[in-house]
Amino acid sequence: MSSDILRSETRVELEDRAPADREHAVWEREWSMSQCTAMLLYLGNAGSNESFQEAALQEQAKLVASALSEEIRVRLQQMQREGLVKDGDFDLQATGELHEYGREQHDVAVSRVARVARRARAADAKEALERSAEALRKLQQQWLEFDSGDDESQRLKEQLTEDEKRIREALKECPYGDPAETWIPQPCAHPLVAAHGEVTKALIEAELARLSCETSLEPRAATAAQLRRSELHLRLFQVSQAEELLQRAHPLLEGQERFIAEELLTNCFMCESLKRRPSMTGEIGAEEARLLEDFGRRMRECQYDPATVLRCTGATSLIDFSDDAQLPGFAQRCWERQQSAEEEDRGLVYFIQVFLLRRQEPLETLCELLGEECCKLLLELQVVSCIRDPYHLLSIDDAVAAVSSDASGIRCFSNLRLWPRDDLLVATDAQTWPDPSVGFEPVMYLSDDSLALLAAKPEVKEKNLLDLCCGSGVQGIAALQRGASSVTFSDVNPRALRFVRFNLALNALSSKQYRCCLGDAYAQVEGDKFDGILANPPFLPNPDNIASQAVALYGNGGAFGEDVLRKIVAKAPEHLVPGGWLLMVTYAPNAEEMPRRLQRYLTDRAALSLRLRVAAGNEREAEEFLPVASEVESYFYPKALDEVGVKTLAEALVFLRCDGDSLGRDGGASLELREELFADEDYLRQFGRQTQLKQ
């Protein structure tokens, strides 16, 4: 294509213009034509598919060029009013500013046209995916209605099999990834990702219908088919159906297939345990608190502490235990240690295997280590669940009864993880993904950001504190242990508050002054003021909920990642006494802009004097940050981040103090960049010391 196409449309008449305006017009004409050419070439290269007709491209570029010319003229008039253009002279500064403005508008235009191109391509792809999903649903229905007694049944079976194969082969060419490779389709507001997920779901359901039909026709293939069907049901969160199939197949399997079935059954049992009666829902009265305190003390006696746990497993950091892929290797090292361990070390290995590595171990051993009463309490709270050979999940009542009668042949597994940290034990959920079928929202594991905020060790002695987005309660519990006079724990997830009470008892802190509030940010503490606020809000940016690994309540920070953080900062001054402080950890989008953003979030900065300090670690390009689980998410998530303005992400700590001094506009804000922020414990402690004295 050539700019000649548009030359008549973009030509600017010069004869009737003043000298200054004429100089600008010459530049504007050349700029408009060259940029239109560039835009047309861009669209021509991007528009090789049939939806991009040349006429439509020309019309789009004309509209953009016209709009930009008008925007530049408006800018010129504004500069004239500001006195940058005087007496017909178009000064050098004005020329530079106008050219800079033109370049900025060009970037905006290219982005605008690119979005139009993407939307057109996306509309075509969405329509194709919707047609594929509909074809698969029809195929599923045909398999469900298949009649093996029909004279034409063999021919129809071959035809249906061929149709499914043809659809699957076509979908492999999808530019956003093969839908068959997506493990679990997640609800999503992004239309293309949602359509892609619908195809994944339709593929799974069509395969389930086919396998069910084939199993009835060929019983010899039933065992292998049941294993595959159970896996497919799990991908749709249909846990009960998966467990039923695995129970039937398990006795007939051998070798690797038997191992896979047992791993899948363990996952089913954990999900079913949470569904039957969610863990941590029992009452924790004085007697229960005493038993949990004994449980914590027994674990400490076995040296269940960070250094010993890392030495036993070969892990380099506690964070490694949140990576399920590494757990089998840690379990193998533990098992080797157990074979040569002294008697006093076997309790430690047992606790690591059950409460960190999610292995199944004999219930009898747990009873020996903790005593019957404590063991029964853990079963009643669903902290642990039991399996009797051959792989049957026991009810709570049957498991409790077995403790008093005969626990032989019964294995137990933990529904929680117990994290050792300094002198604390912290329980979190072992299952880290939400289960929409039962409304399960997990309580988050201890991650690098949680540990960084702990390492900061703010001054809390005799302070009245608020722990916002408290999760397991680790920050507030650590503060109580270090001498805080009282802590209010607040979280939007009711399960989190149950973990708070459990963890207080586990650490012999139930008698301390505390309260639990269910609600968003400050919803349940209106009118209350605190000496300090600790916060670890959800911070994962997730436009349209594209990233499936960022949908849990504990992680999802909204499109830009600061939905909850904004609420916390905005109202912090209302809930702090004079000299009070907010200490918060996060991953910051575009960290260098964060101090200015935080100042915008503060709703009444003019009436208060505030000191604001941000420490940020190494910035990572947003495109490197992928909390995703499929190719389609990997394709669209970085683009969505770019559209909402997330360019980089960095570890960050935020400190805000209500100060009595007048600091003037922006006078109390600062930013310090620090490499490997969360790993630098000396610096973290230094940052936390700001809470000790008024700066």
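If you're wondering where the values come from, they're calculated on a predicted model, not measured in any experiment.
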Residues [X], [Y]: salt bridge by 4.0 Å N-O rule:
X      : Y      : answer
Glu459 : Lys463 : no
Arg685 : Glu681 : yes
Asp528 : Arg515 : yes

Inset, instruction - Compute both the distance and the angle, then confirm whether Lys639 meets the cation-pi test with Tyr635: under 6.0 Å from the six-membered ring centre, within 45 degrees of the axis. - result: yes

Legend entry - Geometric cation-pi criterion Arg613 and Phe655, 6.0 Å radius, 45° cone: no

Any chance you could measure [X], atom [atom1], to [Y], atom [atom2], to the nearest 0.5 Å?
X      : Y      : atom1 : atom2 : answer
Gln431 : Asp429 : CD    : CG    : 7.5 Å
Leu576 : Arg657 : CG    : CZ    : 10.0 Å
Phe678 : Leu684 : CZ    : CG    : 8.0 Å
Ile184 : Phe237 : CD1   : CZ    : 4.5 Å
Asp680 : Gln686 : CG    : CD    : 8.5 Å
Asp467 : Cys517 : CG    : SG    : 11.0 Å

Legend entry - Any pair counted as side-chain hydrogen bond (donor to acceptor under 3.5 Å, both in side chains), so long as it reaches residues 584-593, sequence neighbours left out: Asp448-Tyr587

Any side-chain heavy-atom pair from [X] and [Y] closer than 4.5 angstrom?
X      : Y      : value
Pro420 : Leu425 : yes
Glu562 : Arg597 : yes
Arg358 : Arg417 : yes
Leu465 : Val460 : yes
Leu468 : Phe489 : no
Pro191 : Lys126 : yes
Ser132 : Leu171 : yes
Leu466 : Tyr522 : yes

Is a donor on one side and an acceptor on the other found under 3.5 Å between the side chain of [X] and the backbone of [Y]?
X      : Y      : result
Asp320 : Thr316 : yes
Asp178 : Ala180 : yes
Glu134 : Arg131 : no
Asn503 : Ser472 : yes
Thr200 : Pro179 : yes
Arg620 : Glu624 : yes
Arg482 : Pro458 : yes
Glu441 : Arg495 : no
Lys529 : Glu574 : yes

Inset, instruction - Quickly, which of Val569, Leu453, Val614 forms a side-chain contact (heavy atoms from CB on, under 4.5 Å) with Met584? Name it, please. - result: Val569

Inset, instruction - Assess whether side-chain contact (heavy atoms from CB on, under 4.5 Å) is satisfied between Tyr514 and Thr488, documenting all intermediate values. - result: CA-CA 6 Å; Tyr514 75 93; Thr488 297; over 6 Å; no

Between the side chains of [X] and [Y], does any donor sit under 3.5 Å from an acceptor?
X      : Y      : result
Ser548 : Glu633 : yes
Thr428 : Trp419 : yes
Tyr683 : Glu676 : no

Any idea which heavy atoms bring [X] and [Y] closest together, and the distance?
X      : Y      : result
Cys469 : Val564 : SG-CG1, 3.8 Å
Cys188 : Ala194 : O-CB, 3.5 Å
Arg421 : Ala455 : NH2-CB, 4.2 Å
Ala615 : Leu677 : O-CD2, 3.5 Å
Leu583 : Ala456 : CD2-CB, 4.2 Å
Gly471 : Asp491 : N-OD2, 2.9 Å

Inset, instruction - Give a yes or no on this: more than 12 heavy atoms of other residues, nucleotides or ligands lie within 6.0 Å of atom CD of Glu675. - result: no

Inset, instruction - Establish, yes or no, whether a centroid distance under 6.0 Å links the rings of Tyr176 and His196. - result: no

Please table the atom pairs, donor to acceptor, closer than 3.5 Å between any side-chain atom in residues 530-545 and protein atoms at least two apart or in another chain.
from	atom 1	to	atom 2	distance (Å)
Asp531	OD2	Asn464	N	2.8
Asn536	ND2	Asp449	OD2	3.0
Asn536	ND2	Ser450	OG	3.3
Asn542	OD1	Ile546	N	3.1
Asn542	OD1	Ala547	N	2.8
Asn542	ND2	Ala547	O	3.2
Asn542	ND2	Ala550	O	3.4
Asn545	OD1	Asn556	ND2	2.7

Legend entry - Cys658 vs Val577, side-chain contact (heavy atoms from CB on, under 4.5 Å): CA-CA, chis, key distance, verdict: CA-CA 7 Å; Cys658 287; Val577 301; over 6 Å; no

Legend entry - Candidate pair Trp581 and Gln690, rule side-chain contact (heavy atoms from CB on, under 4.5 Å), full reasoning: CA-CA 9 Å; Trp581 47 262; Gln690 295 175 98; over 6 Å; no

Inset, instruction - Could you please spell out the steps behind the side-chain contact (heavy atoms from CB on, under 4.5 Å) verdict for Leu446 and Leu318? - result: CA-CA 8 Å; Leu446 292 194; Leu318 288 177; 5.5 Å; no

